[in-house]
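This report concerns only the one structure given below.
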Amino acid sequence: MESISAFEIIKVGIGPSSSHTMGPWKAAELFLNEAKQLQPISNISQIIVRLYGSLAKTGHGHGTDVAVLMGLVGEDYTQINTDTIPEKVEAIKSIKTILLGGIHSIAFDYNKDLIFEYNKSLPFHANGIEFIAVFENGQLMSRKYYSVGGGFVATENDNTITQNAVVTPYPCHHAITIAENCAKLNLRVADLVMVNEQAWRTEEEIKQQALYIWNEIKDCIFRGVNKTGILPGGLNVKRRASEMNEKLLAGRHCGTVNEWIRAVKASDKSFTSINKWISCFALAVNEENASFGRIITAPTNGASGVIPAVLMYAWCFVDGFDEEKVVRFILTAGEIGTIFKKNATISAAMGGCQAEIGVSSAMAAAGLTECLGGSPEQVLMAAEIAMEHHLGLTCDPIGGLVQIPCIERNSMGAIKAITASNIAIESDPKSAKVSLDAVIKSMWDTARDMNDKYKETAEGGLAINIPVNLPEC
């Protein structure tokens, strides 16, 4: 089994959904690259796209259609100015043309060439997407891809497309192998991950990437606490992070992210205030995510607020938390995410919200425990505790939007992660009755038993019990 880098689990993304936005965006890019191998893009005369299963049922709310269009025109979601996306999409719809790869213009009718197959699913995965290209000489090219969670894309033969997949020096495909390798090498979890990550990058590059992610997290939270208004999509959900931030800082205005962090550190440190700050951090990120903002996918977009909230909590309120510990946190959290991806799922369309908020909470709990000096066994115990108390959590987004109950769930996931870490630090793992591997298997068993209406289809739970009146797109 090939290893997955921690930086494929924790990475720069764009809202609102890693599986419904980032995955289809990447799939469109992959399709164009494959088409180039067959004929020049300039020879394509028509493109047809079909969305299946969950991608169709909640595609409008998750921006799947927008992502496909942006991928086809060659935009990079890690670089694009997100404020320009609505204008670009509207131009494609109104002019009825699309600039493939940014170089070749063809006719494209949004209402006819982008098809939502609401009543059809592909067998391999709930998030299926098919691209068909017609070349000028009449040749057809058809490819099916599957968005399997966290921005990962797979082909029909169950081959997940990863960046530079390798076999690491000390493979860790299960939690038990993490513990075994740490014991054999006399290393803590983050140190073991650092050794394995050097299969992809140098130690200096690893540290730089982790700190780059940390800077993106800080900027994302800062943007979120400084924006007011109503989130897009038609649910009329009000942004709350800015109001919480203003109250917690007693109206103090901060012009830069560093000034704001200093103000947070100097604010009231009562249990209630810190608890509110954790919620504020999480809400800020997920309000950005809900509005097509740039966020850190960790391991998905719907759960992108948990790790930033716990990391910012540690930075502001845990004594001695510095950049070295930020690196250790991210490496540890990322490695735990790979264990879930390889042995269960990080896709809500396959496993419900336990596969997103539950996994992110386990990752954050492990990262925090590592930085608090926990042993490898305590790190794994913290991840197990966090996941154990998310088992069975359904994904039932109202209106198919990553807003209700998704945004608040990130706050709850962060709080659970911190609690799980505190319990693990004060516990003897030898007395634990449940292992992390056992809880991962239980999560996957639960996922397979879960009714599909609770797996990001907006056909069950809150999604059908709260009346909404949303536009089609």
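- Screening Asn301, Thr58, Asp65, Thr64 against His20 for a side chain to side chain donor-acceptor pair (under 3.5 Å) leaves a single residue, Thr58.
- Between the OG atom of Ser435 and the CD atom of Glu377 there is a distance of 12.5 Å, given to the nearest 0.5 Å.
- Side-chain contact of His173 with Asn343: a donor-acceptor pair under 3.5 Å is absent, judged by distance alone.
- Arg409 and Asp396 are joined by a salt bridge, as a carboxylate oxygen and a charged side-chain nitrogen come within less than 4.0 angstrom of each other.
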For this session: Would you check, one step at a time, whether the test side chain to side chain contact (heavy atoms under 4.5 Å, CB included) holds for Val189 with Leu331?
Result: CA-CA 8 Å; Val189 174; Leu331 290 179; over 6 Å; no
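- Side chain of Lys144 to backbone of Thr155: no donor-acceptor contact under 3.5 angstrom is found.
- For the residue pair Glu197/Ser5, the side-chain donor-acceptor check at 3.5 Å is satisfied.
- Annotation: cation-pi pair Lys341/Phe152 present, NZ/CZ under 6.0 Å from the ring centroid and within 45° of its normal.
- Between Phe116 and His60, the ring planes lie parallel to each other; the angle is under 30°, not in the 30° to 60° tilted range.
- Using a 3.5 Å distance cut-off with no hydrogens or angles, the side chains of Glu130 and Ser142 do pair a donor with an acceptor.
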For this session: Could you check Lys218 against Met312 for side chain to side chain contact (heavy atoms under 4.5 Å, CB included), going step by step and ending with a plain yes or no?
Result: CA-CA 8 Å; Lys218 289 188 290 185; Met312 185 62 78; 3.9 Å; yes
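- Distance CD1/Ile129 to CG/Leu30: 10.5 Å, rounded to 0.5 Å.
- If you check the side chains of Glu356 and Thr300, you find a donor sitting under 3.5 Å from an acceptor.
- Ring planes of Phe281 and Trp277: parallel class, angle under 30° (limits at 30 and 60°).
- Shown are Leu55, Val49, Leu51; of these, the side chain to side chain contact (heavy atoms under 4.5 Å, CB included) with Pro24 is made only by Leu55.
- Inspection of the Thr369 and Ser421 side chains reveals an N or O donor paired with an N or O acceptor under 3.5 Å.
- Side-chain contact of Asp76 with Thr78: a donor-acceptor pair under 3.5 Å is present, judged by distance alone.
- With a 4.5 Å cut-off on side-chain heavy atoms, Ile357 and Val306 count as touching.
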